[in-house]
Amino acid sequence: MRFSRMLLPTLKESPADADVVSLKLMMRAGMIRKVAAGIYNLLPMGVRVVGRVETIVREEMNKAGAQEVRMPVVVPSELWKESGRWDAYGKELLRLRDRHDREFCLGPTHEEVITDMVRREVRSYRELPMNLYQIQTKFRDEIRPRFGLMRGREFTMKDAYSFHADDESADKEYRNMFEAYCRIFERCGLEFRPVEADTGNIGGNFSHEFMVLADTGEDAIAACNACSYAANVERAEVRRPPSQPATEQAKMPEKVSTPGKKSVEEVSAFLKVAPKRLIKTLIYETDKGVVVALVAGDDELNEIKFKRAIGAGFVVLASEGIVVETTNAPSGFAGPVGLKTRIVADFNVRWLTDAVTGANEANSHLINVNAGRDFEAEYFDLKTARDGDACPRCASGVLSIRRGIEVGHIFKLGTKYSKAMNTTFLDEAGKERPMIMGCYGIGIGRTAAAAIEQNHDQYGIIWPAPLSPFDCEVTPVNVRDENTLKAAFGIYDSLKEAGLDALIDDRDERAGVKFKDADLIGIPVRIIVGEKNLKDGLVELKLRKTGEVRLIKVQEVVQEVKALLEKTTKGG
RNA sequence: CGGGGCGUGGCUCAGUCUGGUAGAGCACCGCGUUCGGGACGCGGGGGCCGGAGGUUCGAAUCCUCUCGCCCCGACCA
């Protein structure tokens, strides 16, 4: 492709509303343009990158035995009513009506449609298992779209759904997809990590997220430094602390005055007690009634773990009124001692000796409080995992917290949708049974954005070779010099003949302008054709990632570029 | 949905408080000089100042309403 003929509008400055690096660079590199909040045009550069991600995903999905289908973007409401999500999904589901006033929605995900498709066509265990996928535009009317392609309202997703006669088969496909996903992100040249994840409101039994590691990632993940355990912090477990014998000299509780001291920091500073010796008492309203949660003062309650521990559907921090009703004290002075409400506590609270907690009386706290003696509670792992916490899976490992961008998610769905939508098959005994399902998603645009978040510098994008819009760029330093231009196009032609995707910057621009644009666009290999070197039959070969420059003979360009791409692909 | 902010050439922004002929830099077009890391000079094109209503002799500027966008929060494969 000739740069001079390509719609490739690079920008010197980032648009003011671009909030993350990947969006700024995608805009500046002429890949995308915003059409409305969370909705973008993909320009030729953008299409190329997204196309490469799609190709890798498609190839690996096919290789893994899945079959490609295409479902509609506009979905009739009946299907969503049947699964119960028409009412459950909320405003994120964009609803619309046709001229006959029939209700539809823009599909944010396609469990209903695929389940309907399969139930119409598949009857027998002989046809199972089956894995169907599509690469399709989705729409989610996000409250606050941001971060460009990373969290748009309209976005491209690869979503696969598998159907099985039994659990064993579903588990096998889950592992198959797990491995396919690893291959996909490896082939993309990305540093990633599969982590245990919460299943959220899609429902299901267990789940992994595939995280591209990047400091700017929205999700925090906890990974063990000794074993392979890694989990989203939303659900990361922490090793249960060992039991400790009750301290014999434990003192008796005593009420102390703490005027106006409510927060852990305030009380800790006022009483000169370390935050971890405080018991934080949180009052929650839940669908199981009011429940009190206790965590050590320096820990944070993980609401997802809490919700699961008490078997609740929703939990919300109680209003001031409920707090007063429950503890007879304004918020900030709640404590477990003497409460009649259900109390659940983190393991760390169990072995605190002479702890400090609210006295359930305004401006007062209790000191010398000991769990087991002064109050009873049910104990669970409730805290949010922190850097340095002990690994739940191995004996010596320690968790470290890193950040990641969720680019893939695999679920074992079970029979949630097949039961709701009556998707059954006949087994060998002729008995009707619901199919077991799995569901496997990859955000295509988000993967491209994550690649940039993970691979850029102050000058621009540094594409991993497999995702780069072009394999290499030929830069004739001065197109007014006939020899330069001729040599550059000669090289360009031979690269193309060798099956490489090349961009040639044939614009009549100063060298500096071309170099800056090349750095911005981030094509991994650059061939710089200049007058002086050309006299000796040489050109420069420059790597975007390291800045390394080598002089090579014109005739060797093709083989050198091929070798380099091979290497960068394998090396990541 | 709550709180805050912003809409002025394609892009980044000044001008708004204190009403009086719409500006700068970049980008774009022409000519000349320059030519290996975002050159320079001269000349030029391009803006219903988001939209509607109002106040005023006069509104980018003041008032009201509206639309869009951004940030923080809550929410979220």
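Chain letters run A, B, ... following the sequence lines, proteins first and then strands; every chain starts at 1.
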**OP:** Using whole Å, report how far CG of A/Asp141 lies from C1' of B/A77.
**Re:** 16 Å

Original post:
Within the modelled atom types, does a donor on one side and an acceptor on the other bring the side chain of A/Asn478 and the base of B/G36 under 3.5 Å apart?
Top reply: no

Original post:
Ring centroid separation for A/Phe306 and A/Tyr284, is it under 6.0 angstrom?
Top reply: yes

Subject >> Nearest atoms (heavy-atom pairs only) where A/Gly441 meets A/Met157 >> reply: CA-CE, 4.1 Å

Original post:
What interatomic distance, in whole Å, is found between C1' of B/G5 and the corresponding atom of B/G9?
Top reply: 24 Å

**OP:** Determine the interatomic distance between P on B/C26 and the same-named atom on B/U21; round to the nearest Å.
**Re:** 26 Å

Subject >> Pair assignment for B/C65, Watson-Crick or G-U wobble, requiring both distances under 3.5 Å >> reply: B/G51

Original post:
Out of B/A39, B/C70, B/G37, which nucleotide sits closest to the side chain of A/Lys34?
Top reply: B/C70

Subject >> B/G2 and B/C13, which share atom name C1', separated by this distance in whole Å >> reply: 30 Å

Original post:
Using the P atom in both, what is the distance from B/U55 to B/C63, to the nearest Å?
Top reply: 15 Å

**OP:** Kindly indicate whether the side chain of A/Lys542 and the base of B/G37 share any N or O donor-acceptor pair separated by less than 3.5 Å?
**Re:** yes

Under 3.5 Å, N/O pairs linking protein and nucleotides 26-29 of chain B:
residue	atom	partner	partner atom	Å
B/C26	O3'	A/Lys12	NZ	3.2
B/A27	OP1	A/Lys12	NZ	3.3

Original post:
Using purine N1 to pyrimidine N3 plus N6-O4 or O6-N4 for Watson-Crick, or N1-O2 and O6-N3 for G-U wobble, each under 3.5 Å, what pairs with B/G73?
Top reply: B/C1

Original post:
Expressed as a whole number of Å, how far does the P atom of B/C62 sit from that of B/G25?
Top reply: 26 Å

**OP:** For the pair A/Tyr181 and A/His208, evaluate side-chain hydrogen bond (donor to acceptor under 3.5 Å, both in side chains) and give the outcome as yes or no after the intermediate values.
**Re:** CA-CA 11 Å; A/Tyr181 273 40; A/His208 280 87; over 6 Å; no

Original post:
If you draw the axis of the six-membered ring of A/Trp80, does the NZ or CZ of A/Arg95 fall within 45° of it and under 6.0 Å from the ring centre?
Top reply: no

**OP:** Could you tell me which nucleotide pairs with B/A27 by Watson-Crick or G-U wobble geometry, both distances under 3.5 Å, or answer none if nothing does?
**Re:** none

Subject >> Smallest separation among heavy atoms of A/Leu8 and A/Met45, with atom names >> reply: CD1-CG, 3.5 Å

**OP:** Provide the distance between the two C1' atoms, one in B/G23 and one in B/A60, to the nearest whole Å.
**Re:** 12 Å

Original post:
Say you pick atom C1' in B/A27 and the same atom in B/G45; how far apart are they, in whole Å?
Top reply: 13 Å

**OP:** May I ask you to test the A/Leu106-A/Val74 pair for a side-chain heavy-atom distance under 4.5 Å?
**Re:** yes

Do any N or O atoms of the protein come closer than 3.5 Å to N or O atoms of nucleotides 72-74 of chain B, and which pairs are they?
residue	atom	partner	partner atom	Å
B/C72	OP2	A/Arg144	NH1	3.2
B/C72	OP2	A/Arg144	NH2	2.8

At a cut-off of 3.5 Å, list every protein nitrogen or oxygen paired with a nitrogen or oxygen from nucleotides 31-33 of chain B, distance to 0.1 Å.
none

**OP:** Decide yes or no on side-chain contact (heavy atoms from CB on, under 4.5 Å) for A/Ser319 and A/Glu285, but give the supporting numbers first.
**Re:** CA-CA 8 Å; A/Ser319 62; A/Glu285 291 177 62; 3.8 Å; yes

**OP:** Measure from the ring center of A/Phe210 to the ring center of A/Phe178 and say whether it is less than 6.0 Å.
**Re:** yes

**OP:** Please determine, for the side chain of A/Ala16, which listed nucleotide (B/C76, B/G36, B/C13) has the closest atom?
**Re:** B/C13

Subject >> Complementary nucleotide of B/C40, counting Watson-Crick and G-U pairs under 3.5 Å >> reply: B/G32

Subject >> Gap in Å between the two P atoms, one belonging to B/U8 and one to B/G15, rounded >> reply: 14 Å

